[in-house]
Amino acid sequence: MIKLEGIKKRLGGMQVLEDLSFTVQPGEIVCLLGPSGCGKTTTLRMLAGLDEPDEGHIQGLDDIKISYAFQESRLLPWKSVEDNLHFVLKSQIELPERQALIERYLDLMGLGAYKKFYPEALSGGMKQRLSLCRAFAFPHQLLLMDEPFKSLDAPLRLSLVREVARMWEFSGSSIIFVTHDVAEALLLGHKLLVYSKRPTLVKAEFGIDIPHKDRELGDERLAHIYGQLMTALQKEY
Amino acid sequence: MIKLEGIKKRLGGMQVLEDLSFTVQPGEIVCLLGPSGCGKTTTLRMLAGLDEPDEGHIQGLDDIKISYAFQESRLLPWKSVEDNLHFVLKSQIELPERQALIERYLDLMGLGAYKKFYPEALSGGMKQRLSLCRAFAFPHQLLLMDEPFKSLDAPLRLSLVREVARMWEFSGSSIIFVTHDVAEALLLGHKLLVYSKRPTLVKAEFGIDIPHKDRELGDERLAHIYGQLMTALQKEY
Amino acid sequence: MINSTWLSKGLSLLSLIFFLGLWQVISGFYKPVIVPSPMETVQALGNLMAGGKLWEHAGNSIGRGLIGFSIALLIGTPVGLLMGLSKLIRQMFQPYVVTLQVVPVISWLLLAMIWFGFERVPIFVVVISTLPLVIINLVQGVQNVNPRLTEMAKTFKVERRALIVEVYFPQVLPYLFAAMSAGLGTTWKAVAMAEFLSAQRGIGAGMATARINLETPEVFAWTLLLVLMGLITDRALYIVNRRLTRWRNAV
Amino acid sequence: MINSTWLSKGLSLLSLIFFLGLWQVISGFYKPVIVPSPMETVQALGNLMAGGKLWEHAGNSIGRGLIGFSIALLIGTPVGLLMGLSKLIRQMFQPYVVTLQVVPVISWLLLAMIWFGFERVPIFVVVISTLPLVIINLVQGVQNVNPRLTEMAKTFKVERRALIVEVYFPQVLPYLFAAMSAGLGTTWKAVAMAEFLSAQRGIGAGMATARINLETPEVFAWTLLLVLMGLITDRALYIVNRRLTRWRNAV
Amino acid sequence: EPAAEVPYPEKIVIQAPPAPPTAPLLKMLENKPFGDKVAIELILYKSVEEATARIVNGEADFTVLPVNTASKLFSKDMDISLANVSTWGILYLLSSDNISSWQDLKGKEIHVGAQGASPDIITQYLLGKNEVSSNEVILKYAGSPEIAQMLIQGLASTAVLPEPLVTNVLSKNPNVKQVFDFEQEWQRVEDSSLPQAGMVVQNKFVEKYPEALDIIQKSYQQATEQTTADPSSVASLVQEKFDMPAKVFENSMARIDVRFVNAQDAKADVDNYLSKLLQFSPEMVGGKVPDDKFYLAK
Ligand SMILES: Nc1ncnc2c1ncn2[C@@H]1O[C@H](COP(=O)(O)OP(=O)(O)OP(=O)(O)O)[C@@H](O)[C@H]1O
Ligand SMILES: Nc1ncnc2c1ncn2[C@@H]1O[C@H](COP(=O)(O)OP(=O)(O)OP(=O)(O)O)[C@@H](O)[C@H]1O
Ligand SMILES: [Mg+2]
Ligand SMILES: [Mg+2]
């Protein structure tokens with residue numbers, strides 16, 4: 001279990017996180033929602049060890065393998081699509097297997113034909129998908145995803161949501177999923193956290209224990225949570 | 001009237017645009033939808049004069065002032081938030097007026113407190129908003145927007161959709177609006193174009209002549225178009 | 001933060017002490033006419049200072065160096081920018097840049113003396129030696145400018161001047177700083193070299209006299225002075241650099 | 001594309017012709033002992049070639065230059081990377097880099113002759129002259145590496161070696177190329193200079209004899225040879241650079 | 001031309017290298033041969049290029065140069081004449097090894113300053129004349145000051161050096177002895193003197209100011225005699241202007257042969273010297289031994 005307790009963080013002379021606490025159970029999908037600039041990315045960065053809280057502490061990260069789909073795509077422009085994946089995977093997986101894995105993920109993301117392209121020759125959504133490939137393919141017990149499906153068209157988004165659910169089923173990893181799309185959160189999350197405006201706390205929390213395959217956006221239980229969620233989000237303005 | 005006729009474009013050894021034709025009436029809001037990587041950004045680039053069609057031609061762009069909200073934020077990292085705006089506006093608007101305009105737009109986008117911040121100290125959504133400020137503030141008769149509201153939370157998105165409608169009312173500019181969010185397209189567009197997969201054509205076109213203030217997502221007429229639109233988008237997979 | 005500043009101060013001091021120690025040890029193996037000890041060198045520097053020669057010579061050299069390097073920057077910046085921006089111009093000018101780089105001072109010397117007069121030869125030599133550094137670095141800098149930002153500026157009809165000053169220049173700055181850092185060091189060396197071969201006054205002229213008279217401590221004293229000048233300009237450059245790239249701290 | 005290649009070839013040729021013309025005109029104003037004409041220079045080069053001196057001297061110089069510059073790259077690359085990565089190391093080493101830059105050859109000369117032997121002095125001088133260029137450019141390069149990509153690599157637990165070779169290196173490459181471009185030019189000049197002062201054979205030694213004898217056409221001939229060497233290495237570097245940065249064409 | 005009516009220029013510029021043979025010029029300046037009528041400026045040059053540039057630009061009326069360099073400039077169409085020869089002996093072979101004859105040099109490393117310059121050629125010539133072939137010795141070249149330093153430290157054992165470095169080395173390393181005086185050696189094998197450096201004058205100056213030229217020649221001769229007779233009288237001046245310690249200067253004056261001989265009288269020696277150099281390496285003298293016009297008429 002990963003536990004954040006009383007996290008505070010100042011950035012750029014402003015109090016960003018003010019007493020943030022929540023837990024992530026093993027194999028749980030936690031969705032973070034909240035206004036732009038409230039500190040969602042900052043939370044992920046601290047979990048990834050790229051930043052330190054000013055106060056408070058994070059427990060349960062030792063020996064946990066983390067993968068991260070950054071908010072920006074952060075690809076190496078001098079490496080081709082497939083080499084961007086080789087780059088992070090080569091210390092993790094040996095070669096014949098690695099190549100197969102890479103091709104599988106590229107095909108999954110509809111990038112199979114672009115293996116030899118350099119990132120700058122990809123469209124915005126294609127970069128985003130490549131960045132997702134990397135995060136999925138990298139072995140992990142905790143997967144951090146920062147608006148993973150932005151820049152993707154609605155049908156693709158939906159199919160990727162299903163794909164994530166399927167992969168989660170297999171791997172049992174914990175996932176922390178930052179999104180602005182309420183539908184995505186409802187379809188994927190076991191726990192939905194709504195952040196307040198800066199200075200930020202968790203101002204609302206919703207649990208959903210419906211199995212993924214049974215979740216439909218039209219479903220009444222989800223519609224109920226949807227309403228509450230929208231209200232919680234709306235209150236911030 | 002802007003008119004694209006028989007536009008073809010190869011990129012990276014692949015036929016991206018295959019015979020693309022459509023028109024934009026003065027003061028019309030045209031929404032472009034379509035799968036990721038189909039050529040939406042390429043279309044905007046050609047309208048902005050950043051790229052040339054291989055075949056076909058674009059008419060009606062002479063003497064038209066264009067503003068562009070790029071898919072990536074494209075801010076100058078060495079200039080503060082407000083200086084990024086001064087940079088593009090200073091040849092257009094004289095000083096006391098310019099400063100007032102900049103502050104107005106920054107406040108509108110909730111960035112008023114961040115005037116002196118450098119872009120790298122902004123969150124992803126804040127960068128996106130700054131990039132939008134720039135596109136709105138720059139005087140234009142044609143506004144190109146490439147997924148302008150990605151990375152923004154749902155309530156903010158909605159309020160910005162209303163804001164764009166309000167601004168459009170004032171200015172009467174033409175807008176070409178690329179989005180993956182069907183709701184946005186329904187709330188804003190006068191003409192909705194659905195691109196096919198590569199090689200790309202306009203495979204469906206919808207007109208909506210309901211005034212913006214009367215559009216509600218629950219509205220029956222919109223719901224009808226929504227269904228058709230989703231089907232058109234879905235077919236691509 | 002405070003700790004690391006102290007640590008680095010301490011280490012810098014340690015490295016200085018190590019250097020002086022090494023010098024002292026080496027000088028023990030040789031007569032002062034070959035390697036004078038640090039003490040003897042400082043003494044020679046003191047004598048030069050007392051004799052009033054130091055400031056006269058150093059003043060000449062510093063003036064020439066700064067003038068020469070400024071000229072190189074003034075010429076090199078626009079030329080480098082243009083060569084970076086246009087392949088055509090680059091191909092036309094590149095052979096001249098290589099020529100400037102490669103031709104030894106000796107080959108220019110006579111012509112330079114005839115054309116510019118003796119006292120201006122060191123300035124000329126500094127220009128010749130540092131100009132290629134400035135140009136080469138700027139060309140690389142311009143070629144590595146982010147084209148997406150240039151597109152942005154062009155889309156918003158930003159004037160050419162603003163494009164160059166506000167978009168290109170900040171991206172080229174690190175290259176320019178590398179050039180200036182390399183160029184300032186070269187400046188002091190080139191001034192001394194040229195004065196050594198041609199001038200009546202200046203650090204290099206002083207070195208030439210000391211060398212003929214086998215006054216090695218004095219040669220070392222002049223050298224020490226050059227090193228001090230180098231350290232001062234390097235430091236000044238570092239401070240300017242830090243100022244101009246403050247925005248990086250945001251990352 | 002074809003057009004612009006032809007245009008640029010034409011312009012390059014034009015600029016060469018202009019240069020030769022200018023040289024011819026200038027040489028008209030002076031006696032050959034001051035400025036020999038292009039023809040006289042080429043003749044002198046022909047004589048050197050016929051006498052067999054050319055290849056012997058040039059071979060020596062080329063060998064020394066390449067060895068010296070390779071050593072500078074081998075030392076400078078890791079040192080520059082480390083200095084860029086760690087402020088502590090930078091503060092410790094920076095004074096030494098400045099010292100290397102600023103101290104004129106004359107001040108090293110004797111020690112170099114004693115320690116390395118006469119024939120290796122030119123190699124030493126090349127190392128001394130080009131090492132600071134390599135280090136300074138690499139330090140700037142490393143300091144301008146995109147920290148977001150470094151974060152990415154660290155998050156994915158990429159090994160230190162891969163981080164340096166695959167993330168840092170490509171970003172530092174343009175700075176390294178600027179350094180190599182500046183360094184190769186400096187190499188040929190430094191070799192000639194050092195041979196001029198110390199060696200029996202080599203282009204610089206040939207120049208020294210020609211200079212003492214006021215054989216200016218011969219001095220110019222050696223200079224021309226240096227320029228040719230500079231142009232060749234510059235071209236080679238350009239080709240390598242274009243290969244290694246092919247990914248940029250994607251933008 | 002009205003200018004020709006004026007017997008003296010306003011100012012006369014003489015350039016010379018900063019070495020002991022230049023000391024008489026300091027003395028001459030002190031003597032004020034023209035009273036206060038004409039200013040004489042003495043410029044100490046640092047490189048051949050510098051000297052050449054002044055001659056070309058007409059910025060120096062008189063220049064003290066190695067004799068072969070003067071010949072070279074003359075045969076390269078410079079409008080100059082040799083006015084006098086003032087330096088005859090200035091080169092010495094020093095060694096810390098036990099050497100008494102040329103044969104003893106066999107198998108030794110000899111350090112010589114300035115490859116291809118007159119010290120190098122004279123050394124090779126004398127070796128040949130004394131039946132030591134070029135492959136029996138190892139000639140090593142470097143700058144003269146560096147060679148002197150190595151002799152002092154004992155890093156080199158045998159070297160050819162000019163004054164004042166010779167004095168400097170001998171005083172700093174008692175193991176090093178003077179073995180040969182090249183002037184004497186030259187006289188032994190050539191039956192002629194060894195002219196090393198002299199003064200050239202611009203021909204324009206000769207035409208315009210014959211009287212001034214005459215005064216310069218005479219007063220230079222006088223100053224040379226005064227200086228050799230009593231070096232200590234100029235020692236402090238030398239120390240001030242050349243930065244050369246007075247003692248070093250006085251000791252080297254005791255060794256070197258500085259003697260004013262006007263060009264016509266030196267002609268035979270110069271002619272012989274240049275033709276020997278020509279045999280060895282034609283480039284050293286400009287491809288041919290200069291004709292009579294080279295020597296300033298009396
Ligand atoms: N510089 C380039 N070189 C090669 N191919 C390119 C280049 N730019 C774009 N492409 C290709 O053109 C196609 C269309 O790209 P475009 O950016 O227009 O897509 P898009 O519709 O905007 O997609 P998205 O919604 O993902 O942003 C893609 O397949 C992409 O790989
Ligand atoms: N390097 C920095 N320096 C100063 N302030 C920073 C820095 N990084 C982030 N901030 C500030 O921290 C706050 C939270 O940023 P964060 O990126 O966590 O927001 P977010 O919740 O991810 O927003 P978004 O949804 O827009 O991505 C913002 O106000 C931002 O200005
Ligand atoms: Mg974020
Ligand atoms: Mg796009």
Side-chain angles (χ1 to χ4, degrees), chain C residues 4 7-8 11-12 15-16 19 34-35 87-88 91-107 110-111 114 132-133 136-137 139-141 143-144 147-148 174-175 177-179 181-182 185-186 188-189 192-193 196 204 207 211 219-220 223 226-227 229-231 234 251, chain D residues 4 7-8 11-12 15-16 19 30 34-35 87-88 91-96 98-99 101-107 110-111 114 132-133 136-137 139-141 143-144 147-148 174-175 177-179 181-182 185-186 188-189 192-193 196 204 207 211 216 219-220 223 226-227 229-231 234 251:
Chain C
S4 100
L7 183 58
S8 87
L11 277 174
S12 295
S15 115
L16 181 68
F19 176 73
I34 299 205
V35 185
K87 202 178 162 192
L88 223 68
Q91 288 189 329
M92 264 174 67
F93 280 88
Q94 184 63 12
Y96 295 102
V97 175
V98 174
T99 303
L100 283 190
Q101 280 188 282
V102 167
V103 175
V105 176
I106 296 296
S107 311
L110 187 58
L111 264 190
I114 291 175
L133 289 178
I136 287 171
N137 272 286
V139 169
Q140 275 291 337
Q143 289 184 336
N144 285 284
R148 309 228 175 260
Y175 292 83
F177 268 108
S181 178
T186 307
W188 302 127
K189 179 153 61 183
M193 257 275 295
F196 187 89
M207 285 178 87
R211 170 172 176 260
V219 174
F220 271 56
T223 309
L226 285 173
V227 171
M229 280 158 57
L231 289 175
D234 186 73
V251 182
Chain D
S4 98
L7 183 58
S8 86
L11 277 172
S12 294
S15 114
L16 181 68
F19 176 73
Y30 298 99
I34 298 176
V35 186
K87 200 176 161 190
L88 222 68
Q91 287 188 329
M92 262 174 70
F93 280 88
Q94 184 63 11
Y96 294 102
V98 174
T99 303
Q101 280 189 282
V102 167
V103 175
V105 176
I106 296 296
S107 310
L110 182 64
L111 273 185
I114 294 173
L133 290 177
I136 286 171
N137 272 286
V139 169
Q140 275 290 339
Q143 289 183 337
N144 285 283
R148 309 226 176 262
Y175 292 83
F177 269 108
S181 179
T186 306
W188 302 127
K189 179 154 60 184
M193 257 274 298
F196 188 90
M207 284 179 87
R211 164 181 178 249
T216 316
V219 173
F220 271 55
T223 308
L226 285 174
V227 172
M229 281 159 55
L231 290 175
D234 186 73
V251 182

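These values consider heavy atoms only, across backbone and side chains, with no hydrogens, waters or symmetry-generated copies. To find a chain, count down the sequence lines: A is the first, B the second, and so on, and within it residues start at 1.
Contacts of C/Leu111 with chain D are made by side-chain atoms alone, with heavy-atom separations under 4.5 Å and no backbone atom involved. Using a 4.5 Å cut-off between heavy atoms, D/Asp234 contacts chain C through its side chain alone, with no backbone atom that close. At a 4.5 Å heavy-atom cutoff, the contact between C/Val35 and chain D is made by side-chain atoms alone. Heavy-atom distances place both the backbone and the side chain of D/Val103 under 4.5 Å from chain C. Residue C/Met207 touches chain D through its side chain alone, counting heavy-atom pairs closer than 4.5 Å. With a 4.5 angstrom heavy-atom cutoff, D/Ile106 touches chain C only via side-chain atoms. C/Pro132 does not touch chain D: none of its heavy atoms, backbone or side chain, sits under 4.5 Å away. For C/Leu100, the part lying under 4.5 angstrom from a heavy atom of chain D is the backbone only. Interface residue C/Met193: only side-chain heavy atoms are found under 4.5 Å from chain D.
Side-chain atoms of D/Ile136 and D/Gln101, non-hydrogen and from C-beta on, do get closer than 4.5 Å to each other. Looking only at side-chain heavy atoms (C-beta outward), D/Asn137 and D/Gln140 stay at 4.5 Å or farther from each other.
The heavy-atom pair separating D/Tyr175 from C/Pro174 by the smallest distance is OH-CB, 3.3 Å. Considering every non-hydrogen atom in both C/Ala182 and D/Leu133, the closest pair reads CB-CD2, 3.5 Å. For the residue pair C/Val102 and D/Gly230, the shortest heavy atom distance occurs at CG2-CA, 3.8 Å. When all heavy atoms of C/Leu231 and D/Pro95 are compared, the pair lying nearest together is CD2-CA, 3.8 Å.
Taking C/Val219, C/Val97, C/Ile114 one by one and counting their heavy-atom pairs under 4.5 Å with chain D, the maximum is reached by C/Ile114. Counting heavy-atom pairs closer than 4.5 Å to chain D, the top residue among C/Leu226, C/Thr186, C/Thr99 is C/Leu226. Heavy-atom pairs under 4.5 Å with chain D were tallied for C/Trp188, C/Phe177, C/Phe93, C/Phe196; the largest tally goes to C/Phe196.
From D/Tyr30, atom OH reaches atom OG1 of D/Thr216 across 13.5 Å, with rounding to the nearest 0.5 Å.
The aromatic rings of D/Tyr96 and C/Phe19 stand perpendicular to each other, their planes meeting at an angle above 60°, with 30° marking the opposite boundary.
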